[in-house]
Amino acid sequence: MLAMAREADDRFAEAQALVDLSLTHWLFFSSEHAPLTKSCAEEALRIGREIGDEEVVAKSLSYVGLVYQVEGDLVRGDEKLEESLRISEAHGFKDAIAQDLTWLGAHAGWRAEFHKAIPLCRRAEDTARENHDGLSELLGLAFRCLALIGLGEYGQGLAVINEGLTKARDRETVWVVGRLTNSLGWLYQELGDFRRSIELNRESQEIGHRVKNQNVELSALINIGYDHFHLGETDKALVVLQESLVRVEKSAFGAHRWRWAMHLATYLAEALLALGRPEQALLQAEKALL
């Protein structure tokens with residue numbers, strides 16, 4: 001499409017092709033594709049502004065914002081997503097609205113701004129349902145349940161997890177089933193039931209492994225390591241956490257990479273301290289703070 005648009009000097013089609021290419025490269029969740037996500041989004045943005053195509057401008061701003069997310073710069077990421085949201089709401093671009101709200105909600109949750117994250121996720125879910133965007137709806141549910149659990153609203157969090165699991169199973173979106181099963185395991189961690197937690201996290205890990213989704217599998221393994229620690233199995237915890245760290249450093253992508261690195265460094269510090277290795281624990285704690 002891009003080649004044909006350029007040959008025909010169709011700037012509108014060229015900009016749309018670049019937007020779609022940017023999204024496609026993003027969905028690989030691969031560091032190799034991140035520069036292509038950025039270059040396509042930035043070129044689409046430039047053309048969109050030149051020709052006055054506001055939908056291209058809005059969508060390309062979203063993908064530029066997600067590139068900043070990959071780099072760990074949530075402030076600039078939010079700036080681009082919020083600019084995209086303003087344009088999309090003004091013109092009624094519902095697919096862009098749902099996506100922008102989803103990631104603004106996720107970013108707020110990652111910063112522990114749970115009261116801000118919840119309404120953003122709710123709006124994302126509502127807009128996604130209106131637009132028949134099943135993926136954004138499921139992601140909104142996945143991020144909202146975490147914010148509710150973070151606030152200690154366990155009953156509401158459980159209800160959202162169950163709603164998400166039902167919809168993900170109906171839509172045969174297996175990796176979301178794995179993700180939400182992991183979230184359920186985290187809920188049991190918060191409640192201090194580490195035996196039930198490790199059962200759920202193992203189930204999530206098996207789903208991720210079966211469907212070859214490293215994001216689900218590694219998230220579950222990190223939680224399994226923490227479960228072992230709280231069950232008094234510190235040696236097992238250390239092995240799982242160290243092996244997970246190797247995988248993260250080798251192949252994790254974007255926000256997963258820096259978020260998992262923080263989790264692992266924190267958990268490793270706790271495990272090493274419990275094993276009487278305070279110097280090594282301190283190194284991990286300092287890594288987490290970076």
Side-chain angles (χ1 to χ4, degrees), residues 72 74 106-114 117 142-143 145-158 161 178-210 213-290:
L74 297 186
H107 291 185
W110 293 346
R111 290 190 295 263
E113 298 169 358
F114 302 128
F143 290 130
C145 75
L146 296 178
L148 287 164
I149 295 168
L151 284 174
E153 299 289 350
Y154 301 122
Q156 292 181 51
L158 178 61
I161 289 172
R179 179 190 178 113
L180 288 169
T181 302
N182 182 18
S183 299
L184 186 57
W186 179 54
L187 170 59
Y188 277 93
Q189 278 188 348
E190 289 286 293
L191 297 172
D193 188 347
F194 293 97
R195 296 206 177 278
R196 180 58 179 144
S197 174
I198 201 168
E199 291 172 359
L200 289 162
N201 287 319
R202 282 174 175 155
E203 181 182 345
S204 173
Q205 186 265 329
E206 288 167 4
I207 292 170
H209 182 74
R210 186 175 73 249
N213 189 304
Q214 179 175 251
N215 295 343
V216 171
E217 185 179 7
L218 264 174
S219 289
L221 282 169
I222 292 167
N223 280 3
I224 288 169
Y226 205 50
D227 291 329
H228 281 306
F229 174 71
H230 282 279
L231 290 169
E233 301 164 348
T234 309
D235 290 332
K236 285 185 180 179
L238 193 61
V239 171
V240 173
L241 295 171
Q242 288 175 332
E243 289 177 351
S244 298
L245 181 59
V246 170
R247 292 182 61 178
V248 167
E249 292 175 342
K250 181 179 179 180
S251 58
F253 168 72
H256 285 103
R257 185 182 185 90
W258 54 262
R259 291 181 65 237
W260 283 339
M262 287 190 291
H263 281 289
L264 284 164
T266 302
Y267 297 166
L268 280 166
E270 289 189 65
L272 289 164
L273 192 60
L275 291 169
R277 294 152 65 177
E279 295 85 0
Q280 293 176 345
L282 181 58
L283 290 173
Q284 292 297 331
E286 288 172 345
K287 282 183 184 178
L289 291 169
L290 292 176

Rounded to the nearest 0.5 Å, what's the gap from [atom1] on [X] to [atom2] on [Y]? Could you check?
X	Y	atom1	atom2	result
Leu268	Leu283	CG	CG	11.5 Å
Ile198	Asp193	CD1	CG	11.5 Å
Ile224	Leu218	CD1	CG	10.5 Å
Leu191	Trp186	CG	CH2	10.5 Å
Phe194	Phe229	CZ	CZ	9.5 Å
Ser197	His228	OG	NE2	10.5 Å

Can you name the nearest heavy-atom pair linking [X] to [Y], along with the distance?
X	Y	value
Ala281	Leu273	CB-N, 3.7 Å
Ile149	Tyr154	O-CE2, 3.8 Å
Leu272	Gln284	CD1-CG, 3.9 Å
Ser219	Asn182	CB-ND2, 3.0 Å
Glu249	Arg257	O-NH2, 2.9 Å
Ala147	Ala117	CB-CB, 4.1 Å

Problem set entry | Parallel, tilted or perpendicular: ring planes of Tyr267 versus His263, cut at 30 and 60 degrees |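 Tyr267 and His263: tilted rings.
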
For this session: Give the C-alpha distance, both sets of side-chain angles, the deciding distance and a yes or no for side chain to side chain contact (heavy atoms under 4.5 Å, CB included) between Leu158 and Leu184.
Result: CA-CA 7 Å; Leu158 178 61; Leu184 186 57; 3.6 Å; yes

Exercise. Do Ile207 and Asn213 come within less than 4.5 Å of each other through their side chains, counting heavy atoms only?
Worked result: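 Heavy-atom side-chain distance check fails, nothing below 4.5 Å.
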
Exercise. Quick one: does Arg111's side chain get under 4.5 Å of His107's, heavy atoms only?
Worked result: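 A side-chain contact under 4.5 Å exists here.
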
Problem set entry | side chain to side chain contact (heavy atoms under 4.5 Å, CB included) evaluation trace for Ser204 with Leu200 | CA-CA 6 Å; Ser204 173; Leu200 289 162; over 6 Å; no

For this session: Mind running side chain to side chain contact (heavy atoms under 4.5 Å, CB included) on Leu221 and Arg247 for me, showing each step along the way?
Result: CA-CA 11 Å; Leu221 282 169; Arg247 292 182 61 178; 3.6 Å; yes

For this session: Say whether, by atom type as modelled, one donor and one acceptor occur between the side chain of Thr266 and the main chain of Met262 under 3.5 angstrom.
Result: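 Confirmed, Thr266 side chain pairs with Met262 backbone.
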
Problem set entry | Candidate list Lys236, Gln189, Arg196, Arg195, test side-chain hydrogen bond (donor to acceptor under 3.5 Å, both in side chains), partner Asp227, passing option |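 Per the side-chain hydrogen bond (donor to acceptor under 3.5 Å, both in side chains) rule, the option paired with Asp227 is Gln189, out of Lys236, Gln189, Arg196, Arg195.
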
Exercise. Are there more than 12 heavy atoms of other residues, nucleotides or ligands under 6.0 Å from atom NE2 of His230?
Worked result: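 Atom NE2 in His230 is crowded, with more than 12 foreign heavy atoms closer than 6.0 Å.
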
Problem set entry | Test log, rule side chain to side chain contact (heavy atoms under 4.5 Å, CB included), inputs Asn201 and Ile222 | CA-CA 9 Å; Asn201 287 319; Ile222 292 167; over 6 Å; no

